[in-house]
Trainee: 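Take a look at the following structure, please.
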Amino acid sequence: MLYYYNVRKVITNTELAELLRDIAAAYKIKGEKKNRFRIIAYERAADAVEHLSSEAKDLWDEGKLMDVSGIGPSITAHLDELFKTGKSKHFDEVLKGLPPAMFELMKVPGIGAKTAYKLSKELGIAKAKNALRELKKSLRSGRVARIEGFGEISEQRLEKSIGEVKKGEKRLLLPYATLVADEVMKWLKKLNTGLEVHPLGSLRRKASTVGDVDLAISTKKPVEVLHHFVDYPRKLRKIEEGPSSASIMLPGNVQVDAMVSPPRSYGALLQHFTGSKHHNIALREHALKMGFSLNEKGIKNLKTKKMKNFETEVEFYEALGMEWIPPEIREDTGEIQAALNNKLPDLVDIKDIKGDLQIHSSFDIETSHDLGQNSMDEIAKRADELGYEYIAFTEHNPSQSGHNERSMIELLKRKREAVDKLNYSLVKTMKSLKKIFNSLEIDIMPNGELPVPETGFDYLDFALCSIHSSFRQNKKDMTNRVLNAFKHPKTRIFAHPTTRILNKREGVEFDWGVLFDFFKKSKKIVEINADPIRLDLPDILVREAVKFGVKMSLGTDTHYVTSMGNMVFGVSVARRGWAKKRDIINTYSLEEIEKILIQ
DNA sequence: GCCGTTTTCGGCCCGACTGTTTTCAGTCG
């Protein structure tokens, strides 16, 4: 019997990845040298599972588990048994004799397999339950420091990092990290306006959430620049200041790291610290086949032992025989092969965007959800400033309680008239804005019905539909719920599809194959919601949608005229999902988009 | 244990940091 997962429960990708990582850890403890690559194989399999766009269990159901790169015949056989019977004899065997507590202890930053095993043995902590609390006790009593290989410093370090386990892994939302980085970069440029500075890591790759804010600086005067950096006036404290890097802590526990490089090797530094880790691993494997070794200083020829520097990333990638790869898609999901073959997608760009397809104004149609804070006039003017050709007002549908059919229709009629009026008057005076669509964001009820009377639809150009309740339905019911809602010809856009809230709520589950197939055939649109707390569809599913040929729309879902600029974060998600201009309908001309949306 | 634009066998990314080891192992990104 395995020690931590319940055989009756469907195992999620996160749990499965954890299991595979635990097997790798078990091999580390038990294995001889020859197991080294088997350990890596299990860790890679765990990574692969974590990055899947559908549940591993579903892939297994469809017999497609072996298609996943990193999962081969052996692991497939074990998972086969696991999914069928709820356990794997092989995994049981590997884990046998190891204290379950060690896997719990491994959740502490700085504790890997070896340390966890040693601690649990030496301290006599065997059970997973309360393992962290037991460790804490031993730390306090000074027992840990007396174990061979440990000292007072490791005791203090562990005490500190054990506290970080429970704090949760709240990561910065992309716009906030962007803002922090922009302000620090502005400060850096006060020293020297010509200074070249770039964000690094997940921030440069525009991931939805960011851990630390890392910056790269190209300079010949590293000491002076780093000294200016740690003088940043809004810092809480300086963490460290060395010859090539420095770190400061800002309010809200936001750590900012700066790394400097001489201009001649700046391209290599930028590439190295932009990652992702998986992209770099794959890139180094490719380089090795060419007889090169890569690091943050440049490219080393393994025969001549000579190191070549690169001022720019473009030259760096060129030297490896490929096009420059946009940071957003550096995730080792096929971009290297595409770059080698000159087949990188021409990703959609913020400049291509001609309109915003989800906006909430303050026009009161008595909804039970939030109203927007600004008038239709204010929003239209802002849209014109942004150079948009069209926008859609998508207030929530009138609440069901307190409205009968007639009063709902009356409200929808009034909104139609207000939008018409704007189109006939205000819009005529504008530079770029040509059309305001009259739309509505309609709740999809648990059974897939829509709480708007049939004649109410006549007043709409088109409708967005989205889920705002009953998030816990099972996958099949959820899928049918959406299919049912989109039977109506006026329902065109599926808004914030997974309903996820970053750092707070997981998205709901659908059978995406079925949904995308339906959306493709019926020419309906899936939204990429640009609200930074949602960024939904998530990038991985955007990639799937692109593969299916499903078109997507961008909407800021804004309730404030000041947040209309969030569009740029939606574009980042689209880019991370390999979306090209034609995949996103907001890049279409007014004439084209009318054909798609108005039925 | 996995994988393939030199391979179905023979390889498998790179380096920094940390602590305690007097020469390196473990962890991390």
Side-chain angles (χ1 to χ4, degrees), chain A residues 20-21 23-29 31 33-48 65-79 90-91 94 105-119 144-158 160-161 164 200-202 205 210-212 214 239-240 242-245 247 255 257 259 268-269 271-300 302 307 320-322 330 332 336-341:
Chain A
L20 291 168
R21 258 185 249 288
I23 301 294
Y27 272 125
K28 273 185 202 167
I29 304 301
K33 282 267 158 84
K34 64 176 180 183
N35 273 338
R36 225 174 89 224
F37 295 108
R38 191 188 283 160
I39 294 166
I40 295 173
Y42 270 94
E43 281 171 347
R44 285 197 158 191
D47 283 341
L65 203 53
M66 271 276 271
D67 297 347
V68 178
S69 177
I71 299 179
S74 170
I75 292 182
T76 300
H78 301 320
L79 295 186
H90 177 71
F91 290 170
V94 178
L105 298 181
M106 279 170 61
K107 289 176 182 164
V108 179
I111 299 185
K114 298 273 174 83
T115 311
Y117 180 72
K118 201 166 176 185
L119 283 173
V144 173
R146 291 197 291 274
I147 303 173
E148 201 191 331
F150 290 81
E152 273 180 31
I153 299 178
S154 21
E155 193 174 77
Q156 284 162 17
R157 181 176 55 89
L158 286 178
K160 212 172 134 198
S161 45
E164 287 165 23
L200 294 168
S202 49
R205 299 198 313 277
V210 173
D212 293 339
D214 299 330
I239 298 170
E240 59 183 358
S244 60
S245 68
S247 304
Q255 184 171 337
D257 302 335
M259 266 165 266
L269 179 88
Q271 196 290 318
H272 183 85
F273 288 109
T274 295
S276 66
K277 181 181 156 193
H278 294 295
H279 173 81
N280 283 358
I281 289 174
L283 204 64
R284 283 178 209 135
E285 280 171 353
H286 167 75
L288 213 58
K289 285 179 193 153
M290 295 173 74
F292 297 138
S293 173
L294 310 181
N295 65 27
E296 75 272 26
K297 294 192 181 66
I299 301 180
K300 188 158 124 190
L302 290 170
M307 176 70 99
L320 297 173
M322 63 185 84
R330 296 186 195 169
D332 187 26
I336 291 172
Q337 205 53 45
L340 284 168
N341 298 331

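Chain letters run A, B, ... following the sequence lines, proteins first and then strands; every chain starts at 1.
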Trainee: Quick check on DNA chain B: between Arg44(A) and Lys277(A), whose nearest nucleotide comes earlier from the 5' end?
Mentor: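 Going by which nucleotide is closer to the 5' end, it is Arg44(A).
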Trainee: Can you name the nearest heavy-atom pair linking Gly321(A) to Leu340(A), along with the distance?
Mentor: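 For Gly321(A) versus Leu340(A), the nearest heavy atoms are O-CD2, 3.4 Å.
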Trainee: How far does the C1' atom of dG26(B) sit from the matching atom of dT20(B), given to the nearest Å?
Mentor: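 Taking atom C1' in both dG26(B) and dT20(B), they lie 12 Å apart.
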Trainee: For dG1(B) versus dT6(B), give the span between their P atoms, rounded off to a whole number of Å.
Mentor: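 My reading of the P atoms in dG1(B) and dT6(B) gives 28 Å.
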Trainee: Between Tyr42(A) and Phe91(A), how do the two ring planes meet: parallel, tilted or perpendicular, split at 30° and 60°?
Mentor: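 Tyr42(A) and Phe91(A): perpendicular rings.
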Trainee: Using atom CD of Glu296(A) as one end and atom P of dG15(B) as the other, report the distance to the nearest whole Å.
Mentor: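 Rounded to the whole Å, the gap is 8 Å.
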Trainee: Any idea which of dG1(B), dG19(B), dG26(B) is nearest the Ala41(A) side chain?
Mentor: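 Per side-chain heavy atoms of Ala41(A), the pick is dG1(B).
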Trainee: Please say which of Arg205(A), Gln271(A), Met259(A) ends up in a side-chain contact (heavy atoms from CB on, under 4.5 Å) with Leu200(A).
Mentor: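 The single option meeting the side-chain contact (heavy atoms from CB on, under 4.5 Å) with Leu200(A) is Met259(A).
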Trainee: With a 4.0 Å cut-off, would you call Glu285(A) and Arg44(A) a salt bridge?
Mentor: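 Looking at Glu285(A) and Arg44(A), the cut-off is met.
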Trainee: Work out which heavy atom in Phe150(A) is nearest to a heavy atom in Leu119(A); give both atom names and the distance.
Mentor: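 Closest pair (atom of Phe150(A), atom of Leu119(A), distance): CZ-CD2, 3.8 Å.
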Trainee: If you pin Phe150(A) and Glu285(A) to their nearest nucleotides in DNA chain B, which one's is more 5'?
Mentor: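 In this pair, the answer is Glu285(A).
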Trainee: Describe the nucleic acid contact of Ile75(A) in one word from base, sugar-phosphate, nothing, applying a heavy-atom distance below 4.0 Å.
Mentor: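 It contacts sugar-phosphate atoms only.
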Trainee: Under 3.5 Å, which N/O atoms of the protein pair with N/O atoms of nucleotides 3-5 of chain B?
Mentor:
residue	atom	partner	partner atom	Å
dC3(B)	OP1	Gly70(A)	N	2.4

Trainee: Counting heavy atoms from C-beta on, name the nucleotide in dT18(B), dT27(B), dG1(B) closest to the side chain of Arg157(A).
Mentor: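 Nearest listed nucleotide: dT18(B).
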Trainee: Check the phosphate of dG15(B) against Asn295(A), side-chain N and O only, distance under 4.0 Å to OP1 or OP2. Yes or no?
Mentor: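 Yes, within the criterion.
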Trainee: Measuring to OP1 and OP2 of dG1(B), would you say a side-chain N or O of His90(A) lies under 4.0 angstrom away?
Mentor: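 His90(A) to dG1(B) OP1/OP2: side-chain N or O found under 4.0 Å.
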Trainee: Under 5.5 Å centre to centre and under 30° between planes: does that hold for Phe37(A) and the six-membered base ring of dC12(B)?
Mentor: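 Yes.
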Trainee: Using atom CD of Glu152(A) as one end and atom C1' of dT18(B) as the other, report the distance to the nearest whole Å.
Mentor: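 Rounded to the whole Å, the gap is 16 Å.
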Trainee: Could you measure the distance from the OG1 atom of Thr76(A) to the CG atom of Asp67(A)? Nearest 0.5 Å is fine.
Mentor: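 So the OG1 of Thr76(A) and the CG of Asp67(A) are separated by 9.0 Å.
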Trainee: Among dA16(B), dG19(B), dG1(B), which is the nearest nucleotide to the side chain of Lys297(A)?
Mentor: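 Nearest nucleotide to the side chain: dA16(B).
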Trainee: Assess whether side chain to side chain contact (heavy atoms under 4.5 Å, CB included) is satisfied between Leu158(A) and Thr115(A), documenting all intermediate values.
Mentor: CA-CA 11 Å; Leu158(A) 286 178; Thr115(A) 311; 5.6 Å; no
Trainee: Check the distance between dG11(B)'s C1' and Ile281(A)'s CD1 and give it to me in whole angstrom.
Mentor: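 About 16 Å, once rounded to whole Å.
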Trainee: Rounded to whole Å, please give me the gap between CD1 in Ile147(A) and P in dG19(B).
Mentor: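 So the two atoms are 16 Å apart, to the nearest Å.
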Trainee: Taking the C1' atom in each of dT21(B) and dT27(B), what is the distance between them to the nearest angstrom?
Mentor: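 It works out to 16 Å between them.
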Trainee: I'd like the P distance from dC9(B) over to dC14(B), given in whole Å.
Mentor: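 Approximately 26 Å lies between the P atom of dC14(B) and that of dC9(B).
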Trainee: In whole Å, what is the span from the CZ atom of Phe292(A) to the C1' atom of dT6(B)?
Mentor: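 Atom-to-atom, Phe292(A) to dT6(B), this comes out as 16 Å.
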Trainee: Determine: side-chain N/O of Ser293(A) to OP1/OP2 of dC14(B), distance under 4.0 Å, yes or no.
Mentor: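 For dC14(B), OP1 or OP2 has a side-chain N or O of Ser293(A) closer than 4.0 Å.
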Trainee: So which heavy atom on His279(A) is nearest to which on Ile336(A), and how close?
Mentor: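 Reported closest heavy-atom pair: O-CD1, 3.8 Å.
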Trainee: Using 0.5 Å steps for rounding, measure from the NZ atom of Lys297(A) to the NE2 atom of His272(A).
Mentor: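 Reported value, rounded in 0.5 Å steps: 9.0 Å.
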Trainee: Starting at atom CD1 of Ile111(A), determine the distance to atom P of dT18(B), rounded to an integer number of angstrom.
Mentor: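 One finds 17 Å between P of dT18(B) and CD1 of Ile111(A), rounded.
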Trainee: What integer number of Å spans the C1' atoms of dT7(B) and dC2(B)?
Mentor: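 Nearest-Å result for dT7(B) against dC2(B) at atom C1': 14 Å.
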Trainee: In whole Å, I'd like the distance from the CG atom of Leu294(A) to the P atom of dA16(B).
Mentor: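 The answer, rounded to whole Å, is 14 Å.
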Trainee: Remember a base hit wins even if backbone is also touched, and classify Ala45(A) as base, sugar-phosphate or nothing at under 4.0 Å, heavy atoms.
Mentor: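 Nothing: the residue Ala45(A), judged by heavy atoms under 4.0 Å, touches no strand.
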Trainee: For dT8(B) versus dC12(B), give the span between their C1' atoms, rounded off to a whole number of Å.
Mentor: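 One C1' to the other, the span is 16 Å.
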Trainee: Quick one: label Gly149(A) by what it contacts on the DNA or RNA (base, sugar-phosphate, nothing), any heavy atom closer than 4.0 Å.
Mentor: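 The residue Gly149(A) makes sugar-phosphate contact but no base contact.
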Trainee: Send over the distance from Asp47(A) CG to dC28(B) P, rounded to a whole Å.
Mentor: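 Asp47(A) atom CG is separated from dC28(B) atom P by 14 Å.
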Trainee: Let's test this: given Watson-Crick or G-U wobble pairing with both distances under 3.5 Å, identify the partner of dC28(B).
Mentor: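 Pairing partner: dG15(B).
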Trainee: Of the candidate nucleotides dT20(B), dC12(B), dT27(B), which contains the atom at the shortest distance from the side chain of Ser154(A)?
Mentor: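 Given the options dT20(B), dC12(B), dT27(B), the side chain of Ser154(A) is closest to dT20(B).
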